[in-house]
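The structure appears below as structure tokens.
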Amino acid sequence: QVQLVESGGGLVQAGGSLRLSCAASGRTTSTYAMGWFRQAPGKERESVAAISWSGGRTYYGDSVKGRFTISRDYAKRTMYLQMNSLKPEDTAVYYCAAQIDIYSGRYYSTTDYDYWGQGTQVTVSS
């Protein structure tokens with residue numbers, strides 16, 4: 001009953017910006033947190049950023065601190081990831097994730113989330 005729809009991925013030059021969106025629909029009233037993960041070729045899926053849905057507390061992976069900003073529009077059930085100063089190493093498939101049915105109290109592992117979007121490609125050229 002829960003669907004996460006992502007948009008905003010694309011191709012940009014190093015130093016450029018992109019804004020990703022993730023719109024949630026369905027039975028999402030019990031959402032605890034949402035987050036962004038990314039997976040580059042040959043690498044494991046890693047946490048990029050997360051936000052508690054009610055309190056709006058944010059968390060960032062070390063590699064994106066100071067460059068990426070996560071936010072949410074509570075009323076629109078939409079999460080955003082503003083990505084600035086993009087680097088080639090940011091190239092990956094970015095996934096939207098939601099912690100809805102099971103509360104874990106953590107946001108850094110893929111096992112902390114029970115719903116996932118389809119992923120959107122972000123490519124940063126040199």
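The local environment of CG in L11 is crowded, with over 12 non-hydrogen atoms from other residues, nucleotides or ligands closer than 6.0 Å.
Here the two rings, on F37 and W116, have centers that are under 6.0 Å apart.
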Would R38 and S63 satisfy side chain to side chain donor-acceptor pair (under 3.5 Å), going step by step from the backbone distance to the final call? CA-CA 12 Å; R38 68 185 183 187; S63 63; 3.1 Å; yes
Determine whether V48 and Y60 satisfy the following criterion, side-chain contact (heavy atoms from CB on, under 4.5 Å), listing intermediate values before the conclusion. CA-CA 6 Å; V48 176; Y60 295 96; over 6 Å; no
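The minimum heavy-atom distance linking M79 with C96 is given by the pair CE-SG, 3.5 Å. Q99 and Y113 get closest at one heavy-atom pair: N-CD2, 3.5 Å. The two residues D112 and S104 have their closest heavy-atom pair at OD1-OG, 3.2 Å. Considering every non-hydrogen atom in both S52 and R72, the closest pair reads O-NE, 3.8 Å. Among all heavy-atom pairs drawn from Y115 and D101, the shortest one is OH-OD2, 2.6 Å. The nearest pair of heavy atoms linking A98 to M34 is CB-CG, 4.1 Å.
Looking at T78, its side chain does come within 3.5 Å of a backbone N or O of K76 through a donor-acceptor pair. The backbone N or O of I100 lies less than 3.5 Å from a partner atom in the side chain of S30, making a donor-acceptor pair. Between the side chain of Q1 and the main chain of R27, no donor-acceptor pair closer than 3.5 Å is present. A donor-acceptor pair is defined here as one N or O able to donate and one able to accept, closer than 3.5 Å; no such pair exists between the side chain of T28 and the backbone of S25. Proximity of a side-chain donor or acceptor of R67 to a complementary backbone N or O of S85 within less than 3.5 Å is detected. For T31 (side chain) and A33 (main-chain N/O), no donor-acceptor pair under 3.5 Å exists by modelled atom type. Side-chain N or O atoms of S109 include one that pairs as donor or acceptor with a backbone N or O of T111 at under 3.5 Å. The main-chain N or O of A50 is never found under 3.5 Å from a side-chain atom of R57 such that the two would form a donor-acceptor pair. Under the 3.5 Å distance criterion, the side-chain polar atoms of Y74 are left unmatched by any main-chain donor or acceptor of G56.
Distance check, rounded to the nearest 0.5 Å: SG of C22 to CZ of R77 gives 11.5 Å. Note that the OG1 atom of T69 and the CG atom of N84 stand 6.5 Å from one another [nearest 0.5 Å]. To the nearest 0.5 angstrom, F68 atom CZ is 14.0 Å from T58 atom OG1. In this structure, CD in Q3 is found 8.5 Å from CD in Q118, a value given to the nearest 0.5 Å.
Under the 4.0 Å criterion applied to side-chain N and carboxylate O atoms, K87 and D90 are not assigned as salt-bridge partners.
For the pair R45 and Y95, the cation-pi criterion (under 6.0 Å, within 45° of the ring axis) is fulfilled.
Across L20, L81, V93, a single residue satisfies side-chain contact (heavy atoms from CB on, under 4.5 Å) together with V122, and that is L20.
Counting only N and O atoms by type, the side chains of T91 and E89 include no donor and acceptor under 3.5 Å apart. Side chains of R106 and S47: no donor on one and acceptor on the other come within 3.5 Å.
Counting only heavy atoms from C-beta outward, the side chains of Y32 and W53 never approach each other to under 4.5 Å. Side-chain contact between I51 and W36: absent, with no pair of heavy atoms (C-beta onward) separated by less than 4.5 Å. E46 has its side chain out of reach of Q39: every pair of non-hydrogen atoms, C-beta onward, lies at least 4.5 Å apart.
One hydrophobic cluster holds both L4 and I70 under the rule that ILVMFWY side chains link at heavy-atom gaps under 4.5 Å.
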